[in-house]
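Note that the structure is a prediction, hence the values are computed from the model and not measured.
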Amino acid sequence: MPLHEQHDERGSGDGAAPGPAPRAPAGPRPDPDPAPAAGAGAGAGETAGTGSAACADAAPASDSGCCGGARPGAARRGRPRSEAAERSIIGTVVRLLEEGVPLSELSIERIARTAGVGKATIYRRWEGKEALFVDVVRSIEPVDAPLPGTSVRDDLVAMIESLRRRGLAKRSSTLLLSIFAQMQAYPQLWDMYNRVSVTPRRTLLREILRRGVENGEIRADLDPDLLNDLFVGPMLVRTVLYPASTPAEGSAERIVDAVLSGVRPRK
């Protein structure tokens with residue numbers, strides 16, 4: 001059964017809407033459950049981030065600022081988004097998952113009640129449970145290091161090293177293992193994770209490889225998808241398919257150098 005059909009009082013409004021952006025604001029929606037008083041759960045986070053929970057969840061912000069906090073020349077539309085509230089909501093989901101609550105039982109109503117916010121607070125930040133769960137996974141995964149930009153080789157090494165760290169994290173983290181195992185039972189959630197998290201990385205790698213072709217460092221007659229897989233495949237095999245194998249630091253450099261030596265233009 002699709003994830004959005006389980007434990008949800010909102011019907012189809014809780015499903016993942018098409019499109020690559022997981023945090024597109026859902027717009028102000030009436031909240032049938034009033035938010036708890038400021039200071040409870042994430043409501044306190046809203047107070048710290050925006051002035052007050054009531055200001056963030058009940059009344060639209062005016063051009064003069066929320067609750068009198070005027071900012072000269074800053075005409076704002078809608079309600080201000082509180083990073084503190086987002087962190088608190090994501091942290092609440094992580095805590096529930098760590099306690100063993102399955103994804104199928106994590107309704108927006110339960111998450112809001114546990115976090116101490118109204119459901120509208122969540123729906124203004126995420127279009128549904130799938131988008132929220134994707135951000136939860138991304139908050140647990142290691143953050144990709146910025147590309148050095150010094151050369152095609154250095155950028156490739158940085159990409160493959162990030163893949164190594166993510167693979168090892170999924171292997172060592174009981175929580176990540178559990179989440180990914182459950183995600184595969186929900187095609188809509190799995191598809192959104194791939195669209196939001198995996199596809200951008202693959203696109204970035206293809207851009208690096210395109211630069212290598214233009215610079216004359218990589219043969220132009222090779223299929224771009226094959227090139228991508230040649231660089232990514234060895235690390236995926238070592239981190240995913242062979243649990244007993246632990247690629248050490250420096251593995252990314254060795255993989256990149258070996259593949260580059262085979263794809264350089266023939267003389």
Side-chain angles (χ1 to χ4, degrees), residues 3 15-26 86 90 125-171 173 176 179-180 183-184 186-241 247 251-265:
L3 184 61
R23 290 197 181 186
E86 292 183 7
I90 289 175
R125 290 159 174 83
W126 294 277
E127 58 196 15
K129 286 184 290 190
E130 286 85 357
L132 172 55
F133 291 161
V134 166
D135 273 1
V136 168
V137 174
R138 296 173 73 188
S139 75
I140 303 172
E141 289 184 314
V143 178
D144 291 343
L147 299 181
T150 50
S151 68
V152 168
R153 177 192 178 275
D154 290 346
D155 285 353
L156 287 171
V157 169
M159 291 286 294
I160 304 306
E161 172 60 19
S162 292
L163 177 60
R164 181 185 78 90
R165 292 190 296 110
R166 286 196 306 276
L168 294 180
K170 291 175 185 176
R171 181 192 299 179
S173 169
L176 278 176
I179 292 175
F180 276 100
M183 281 173 60
Q184 296 183 52
Y186 303 103
Q188 192 172 10
L189 174 57
W190 186 251
D191 176 70
M192 177 173 280
Y193 173 79
N194 277 276
R195 190 169 68 245
V196 170
S197 187
V198 178
T199 299
R201 292 186 182 118
R202 191 171 180 86
T203 300
L204 180 57
L205 182 54
R206 288 186 59 149
E207 174 61 22
I208 297 171
L209 295 173
R210 185 192 61 78
R211 282 168 38 213
V213 172
E214 291 180 351
N215 295 340
E217 301 174 60
I218 298 175
R219 287 163 45 194
D221 62 326
L222 296 174
D223 177 70
D225 288 329
L226 173 61
L227 271 175
N228 195 311
D229 294 343
L230 286 173
F231 284 97
V232 171
M235 190 62 77
L236 282 177
V237 168
R238 293 187 175 193
T239 57
V240 177
L241 296 183
S251 299
E253 287 88 344
R254 290 191 290 273
I255 290 173
V256 169
D257 289 340
V259 177
L260 279 178
S261 68
V263 299
R264 288 195 180 101

Practice problem: Say whether, by atom type as modelled, one donor and one acceptor occur between the side chain of Arg165 and the main chain of Val143 under 3.5 angstrom. | Solution: yes
Self-check item: Atom pair CG (Leu236) and CG (Leu163), whose distance is rounded to the nearest 0.5 Å
Solution: 4.5 Å
Quiz item: Taking all atoms of both residues into account, what is the closest heavy-atom pair of Gly216 and Pro265, and its distance?
Solution: O-CG, 3.2 Å
Quiz item: Side-chain contact, heavy-atom cut-off 4.5 Å: Arg138 with Asp135?
Solution: yes
Quiz item: Can you name the residues that form a side-chain contact (heavy atoms from CB on, under 4.5 Å) with Asp144, not counting sequence neighbours?
Solution: Ser162, Arg166, Arg201
Practice problem: Test Val137 against Met183 for side chain to side chain contact (heavy atoms under 4.5 Å, CB included), laying out the working first. | Solution: CA-CA 10 Å; Val137 174; Met183 281 173 60; 3.8 Å; yes
Self-check item: Value rounded to 0.5 Å, distance of CZ in Arg202 from CD in Glu207
Solution: 14.5 Å
Quiz item: Just wondering, do Pro224 and Arg210 contact through their side chains at under 4.5 Å, heavy atoms?
Solution: no
Quiz prompt | Straight-line distance of Leu227 CG to Leu222 CG, nearest 0.5 Å | solution = 5.0 Å
Exercise. Taking side-chain contact (heavy atoms from CB on, under 4.5 Å) as the test, write out the residues that go with Leu226, two or more places apart.
Key: Asp223, Leu230
Quiz item: Which pairs, with at least one residue in residues 256-265 and sequence neighbours excluded, count as a side-chain hydrogen bond (donor to acceptor under 3.5 Å, both in side chains)?
Solution: Arg153-Asp257
Practice problem: Compare all side-chain heavy atoms of Asp191 with those of Tyr186 and state whether any distance is below 4.5 angstrom. | Solution: no
Exercise. Drop me the distance from Ile255's CD1 to Phe231's CZ, to the nearest 0.5 angstrom.
Key: 10.5 Å
Quiz item: About how many Å separate CG of Leu168 and NZ of Lys170, when rounded to the nearest 0.5 Å?
Solution: 11.0 Å
Self-check item: CG-CD distance between Leu176 and Glu141, expressed to the nearest 0.5 angstrom
Solution: 6.0 Å
Quiz item: Within the side chain of Arg164, is there an N or O that forms a donor-acceptor pair under 3.5 Å with the backbone of Pro247?
Solution: yes
Quiz prompt | For Glu217, side-chain contact (heavy atoms from CB on, under 4.5 Å) partners two or more places apart | solution = Val152, Asn215
Self-check item: Residues in side-chain contact (heavy atoms from CB on, under 4.5 Å) contact with Val198, at least two apart in sequence or another chain
Solution: Tyr193, Asn194
Practice problem: Decide yes or no for Leu209 and Leu156: does some side-chain heavy atom of the first lie under 4.5 Å from some side-chain heavy atom of the second? | Solution: yes
Practice problem: Write down the atom of Thr239, the atom of Gly167, and the distance for their closest heavy-atom approach. | Solution: CB-CA, 3.9 Å
Quiz item: Is the backbone N or O of Leu147 less than 3.5 Å from a side-chain atom of Asp155, with the two atoms forming a donor-acceptor pair by type?
Solution: no
Quiz item: Can you list the residues that meet the side-chain hydrogen bond (donor to acceptor under 3.5 Å, both in side chains) rule with Arg206, with sequence neighbours excluded?
Solution: Asp225
